[in-house]
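Since the structure is predicted, the reported quantities are computational estimates derived from the model, not experimental observations. Here is the naming used below: chain letters follow the sequence lines, and residue numbers restart at 1 for every chain.
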Amino acid sequence: MKYWLLKSEPDTFGIDALAASPGRKTHWDGVRNYQARNMMRDEMKRGDLAFFYHSSCAEPAVTGIVTVVREGYPDQSAFDSRSKYFDADSDPAAPRWFMVDVRLVRKFAHPVTLTTLRRHAEGKLKDMWLLRRGNRLSITPVTAAHWKFINSLAGN
DNA sequence: GCCAACGTTGGC
DNA sequence: GCCAACGTTGGC
């Protein structure tokens with residue numbers, strides 16, 4: 001089983017929106033980056049766990065945990081001309097973009113802020129992908145050691 | 001709102 | 001295949 005970190009902007013779709021969704025599930029659609037696409041299409045497996053991370057907001061933080069409930073399949077929003085994720089170049093016969101479905105496992109009582117994570121950037125969280133300079137990837141792998149440590153920071 | 005970092009595009 | 005221009009991300 002692997003661990004991941006998924007970024008989402010709380011103004012668009014935060015952890016409370018996920019909690020309010022039917023079955024506390026959602027399609028992780030709209031990813032338009034090939035590296036992230038490859039991870040969803042090829043590597044994310046049912047049962048994998050991922051941190052739900054709030055980005056581009058007042059207090060960037062890991063806010064909870066989700067689990068993969070459906071493995072990679074074509075992202076339908078790429079074919080929907082009304083969607084902001086529409087991609088005219090994506091051929092339905094050979095879909096370019098993929099998504100997974102995730103379900104909320106737990107919302108942290110105390111989010112682990114980016115500031116807190118950075119405090120450990122040279123220690124327990126050394127080489128964490130999220131903390132790398134200039135990192136913009138919306139989906140990143142998380143090591144088992146980092147996973148455990150961040151959970152401990154959250155009081156889990 | 002600014003700006004550094006990065007991925008993608010497209011001319012050559 | 002190179003690389004400049006451009007658009008986007010995301011922290012601050």
In whole angstrom, give the distance that lies between atom [atom1] of [X] and atom [atom2] of [N].
X        : N      : atom1 : atom2 : answer
A:Leu130 : B:dA5  : CG    : C1'   : 15 Å
A:Arg37  : B:dT8  : CZ    : C1'   : 14 Å
A:Leu114 : C:dC12 : CG    : P     : 6 Å
A:Arg136 : C:dG7  : CZ    : C1'   : 9 Å
A:Glu9   : C:dG10 : CD    : P     : 7 Å
A:Leu137 : B:dG7  : CG    : C1'   : 10 Å
A:Leu117 : C:dC12 : CG    : P     : 11 Å
A:Asp11  : C:dG11 : CG    : P     : 13 Å

Below 4.0 Å: OP1/OP2 of [N] and any side-chain N or O of [X]:
X        : N      : value
A:Lys7   : C:dT9  : no
A:Arg133 : B:dA5  : yes
A:Tyr53  : C:dG11 : yes

Dump the intermediate steps for side chain to side chain contact (heavy atoms under 4.5 Å, CB included) on A:Thr140 and A:Trp4, then the final yes or no.
CA-CA 6 Å; A:Thr140 56; A:Trp4 308 91; over 6 Å; no
Going through the checks in order, is the ring-ring contact (aromatic ring centres under 6.0 Å, His included) test met by A:Phe52 and A:Trp28?
CA-CA 11 Å; A:Phe52 192 102; A:Trp28 207 259; 5.7 Å; yes
Describe the nucleic acid contact of A:Arg118 in one word from base, sugar-phosphate, nothing, applying a heavy-atom distance below 4.0 Å.
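Touches sugar-phosphate only.
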Which label fits A:Phe51 and A:Trp147: parallel for a plane angle under 30°, tilted from 30 to 60°, or perpendicular past 60°?
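Ring orientation of A:Phe51 relative to A:Trp147: parallel.
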Which nucleotide in C:dG11, B:dG7, C:dG10 has an atom nearest any side-chain atom of A:Ser56:
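Among C:dG11, B:dG7, C:dG10, the one nearest the side chain of A:Ser56 is C:dG10.
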Are the charged groups of A:Asp75 and A:Arg96 less than 4.0 angstrom apart, N to O?
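No.
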